[in-house]
Amino acid sequence: MPELPEVETVRRGLEPVMQGARFETVEARRGDLRWPLPADFAARLEGHTVTGLGRRAKYLTVDLSSGEVLLMHLGMSGSFRVWQEKSGDGGARKPGRYHHERPQHATHDHVVFHMSNGAHIAFNDPRRFGSMKLVARDQLDQEPLLRALGPEPLGNAFDAAMLARACRGKKTSLKAALSDQRVVAGLGNIYVCEALWRARLSPKRRASTIAARAGEPNERARALVDGIRDVLNDAIAAGGSSLRDHKRTDGGLGLFQHQFAVYDREAMRCQRRGCGGTIKRIVQTGRSTFFCPVCQR
DNA sequence: ACTACTCCCTGCCAGC
DNA sequence: TGCTGGCAGGGAGTAG
């Protein structure tokens with residue numbers, strides 16, 4: 001599920017229940033995620049307060065009063081579910097109370113946060129490609145997982161000149177280049193396909209062809225930047241896309257899948273006015289690509 | 001330095 | 001109904 005718009009939707013869902021709250025208890029029910037959770041994972045969270053909730057590419061960053069940052073990635077199938085402790089009983093919290101108040105753990109709830117404000121937050125991830133890691137905030141710019149990431153596509157630093165420079169000399173396809181988190185950070189299979197459709201560019205086109213010889217951006221690079229920005233903004237506004245499962249922290253569904261122009265629309269008519277083409281599915285670097293061979297050149 | 005490919009893991013669906 | 005193969009929103013590691 002989770003590309004940049006989905007992760008941003010999750011961030012916005014977690015912010016009101018995590019910001020300013022303290023980790024009261026942390027359950028590491030399964031530590032064998034993408035990487036093993038450290039043995040002291042829970043201990044390094046418990047008692048500390050969340051001072052900020054951010055996002056870098058597809059990573060969520062939780063700033064802690066301890067001086068550490070909790071880095072979380074949803075992988076392919078990760079999601080968060082939030083529920084609130086029932087109020088009542090005068091509001092005084094007693095240890096162990098949640099046992100009676102939270103729903104039964106769902107299958108694949110690997111980590112559960114119990115917050116001081118009564119919020120319970122479960123990380124569920126069937127495939128366990130997701131990850132959590134604690135790093136010192138002052139070491140964050142040395143963090144290997146973040147170091148090589150390219151620019152944020154919705155940030156000021158991302159523009160046609162930067163994208164052209166990153167693609168200059170690249171022999172690989174535009175699809176592969178845009179999927180490469182070092183070129184631009186946060187796109188995945190869906191939004192790469194959608195952005196290329198918006199820019200009318202073929203996913204098979206050589207990445208280097210969005211730059212002139214000197215590395216200057218051309219019209220294609222500008223169209224691509226616009227396509228990327230627009231599709232991400234539209235998707236965030238729709239709460240992201242929900243394909244096979246729920247994604248928002250409240251259990252609700254994102255709605256952007258209803259606005260897909262090409263993704264998962266093989267054999268359907270191209271929606272571009274006056275195009276009349278048929279959406280095709282091909283496989284590039286082991287993953288499905290959807291595009292219109294008529295209007296995407 | 002690039003590029004392409006494999007693998008990690010579980011669930012679901014189409015086809016037999 | 002049940003099995004099998006293929007596929008799924010990601011990305012690290014390795015081999016050319």
Side-chain angles (χ1 to χ4, degrees), chain A residues 1-11 29-37 55-60 71-80 106-110 123-133 143-150 153 165-196 203-208 211 228 231-232 235-236 238-248 253-260 262-267 281-290:
Chain A
M1 100 195 178
E3 303 181 32
L4 187 153
E6 290 73 36
V7 178
E8 179 58 24
T9 299
V10 169
R11 192 195 68 75
R29 306 184 68 240
R30 257 198 100 140
D32 55 338
L33 304 182
R34 176 86 201 233
W35 299 288
L37 291 179
R55 178 189 57 74
R56 173 74 175 103
K58 301 174 193 172
Y59 288 92
L60 290 163
L71 261 187
M72 308 193 288
H73 197 290
L74 301 173
M76 290 276 264
S77 57
S79 63
F80 284 94
T107 311
H108 306 306
D109 277 356
H110 304 314
F123 175 67
N124 186 283
D125 184 9
R127 294 175 76 177
R128 303 203 313 285
F129 289 170
S131 60
M132 293 193 186
K133 186 173 180 182
E143 170 53 41
L145 294 173
L146 305 182
R147 255 199 108 133
L149 290 174
R165 218 176 307 129
C167 289
R168 184 184 179 186
K170 273 200 177 296
K171 294 189 168 91
T172 192
S173 66
L174 262 186
K175 167 77 186 302
L178 296 180
S179 305
D180 185 339
Q181 303 299 296
R182 295 167 299 185
V183 171
V184 51
L187 299 177
N189 209 34
I190 292 177
Y191 297 107
V192 168
C193 292
E194 294 295 318
L196 285 166
K204 298 191 279 190
R205 171 182 281 281
R206 267 175 76 130
S208 60
I228 290 168
V231 75
L232 294 178
I236 290 171
S241 307
S242 301
L243 265 53
R244 281 156 262 287
D245 44 32
H246 294 228
K247 169 201 73 308
R248 302 161 125 218
L253 295 173
L255 296 172
F256 190 72
Q257 65 276 15
H258 302 303
Q259 294 180 56
F260 289 167
V262 288
Y263 187 82
D264 208 18
R265 294 179 61 84
E266 184 179 18
R281 173 185 176 273
I282 59 174
V283 174
Q284 289 180 291
T285 53
R287 296 189 136 80
S288 289
T289 299
F290 299 90

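In what follows, every heavy atom counts, from backbone to side chain, and hydrogens, waters and symmetry copies are set aside.
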> Quick one: does A:Arg127 reach the base of B:dC9 with a side-chain donor-acceptor pair under 3.5 Å?
Replying inline: yes
>> Parallel, tilted or perpendicular, judged at 30° and 60°: which one describes the rings of A:Tyr191 and A:Phe260?
In response: perpendicular
> In whole Å, what is the span from the CG atom of A:Asp125 to the C1' atom of C:dA8?
Replying inline: 13 Å
> Given the P atoms of C:dC7 and B:dC5, what is the spacing between them in whole Å?
Replying inline: 15 Å
>> Nearest heavy atom decides the nucleotide; on that basis, is A:Arg34 or A:Arg182 closer to the 5' end of DNA chain B?
In response: A:Arg182
> Starting at CD of A:Gln284 and ending at C1' of C:dA8, how long is that distance when rounded to a whole Å?
Replying inline: 17 Å
>> Whether A:Ser288 contacts C:dA8 is assessed here as follows: a side-chain N or O lying under 4.0 Å from the phosphate OP1 or OP2. Is that the case?
In response: yes
>> So A:His73 and A:Arg34, do their side chains get closer than 4.5 Å, heavy atoms only?
In response: no
> When you compare C:dC3 with B:dC9, how far apart are their P atoms, in angstrom units rounded to a whole number?
Replying inline: 23 Å
> More than 12 foreign heavy atoms under 6.0 Å from CZ of A:Arg29: is that the case here?
Replying inline: yes
> Roughly how many Å is it from CE in A:Met76 to P in C:dA12, rounded to a whole number?
Replying inline: 14 Å
> If you pin A:Thr107 and A:Gly169 to their nearest nucleotides in DNA chain B, which one's is more 5'?
Replying inline: A:Gly169
> Now, which nucleotide makes the Watson-Crick or G-U wobble pair with C:dC3, with each of the two distances under 3.5 Å?
Replying inline: B:dG15
>> What is the distance, to the nearest angstrom, from the CZ atom on A:Arg56 to the P atom on C:dG11?
In response: 12 Å
>> Please give the distance between the C1' atoms of C:dG11 and B:dC12 as a whole number of Å.
In response: 22 Å
> What is the distance, rounded to the nearest whole Å, between atom CG of A:Asp32 and atom P of B:dC9?
Replying inline: 9 Å
> Between A:Glu143 (side chain) and A:Leu145 (backbone), is there a donor-acceptor pair under 3.5 Å?
Replying inline: yes
> What is the distance, rounded to the nearest whole Å, between atom CG of A:Leu33 and atom C1' of B:dC9?
Replying inline: 11 Å
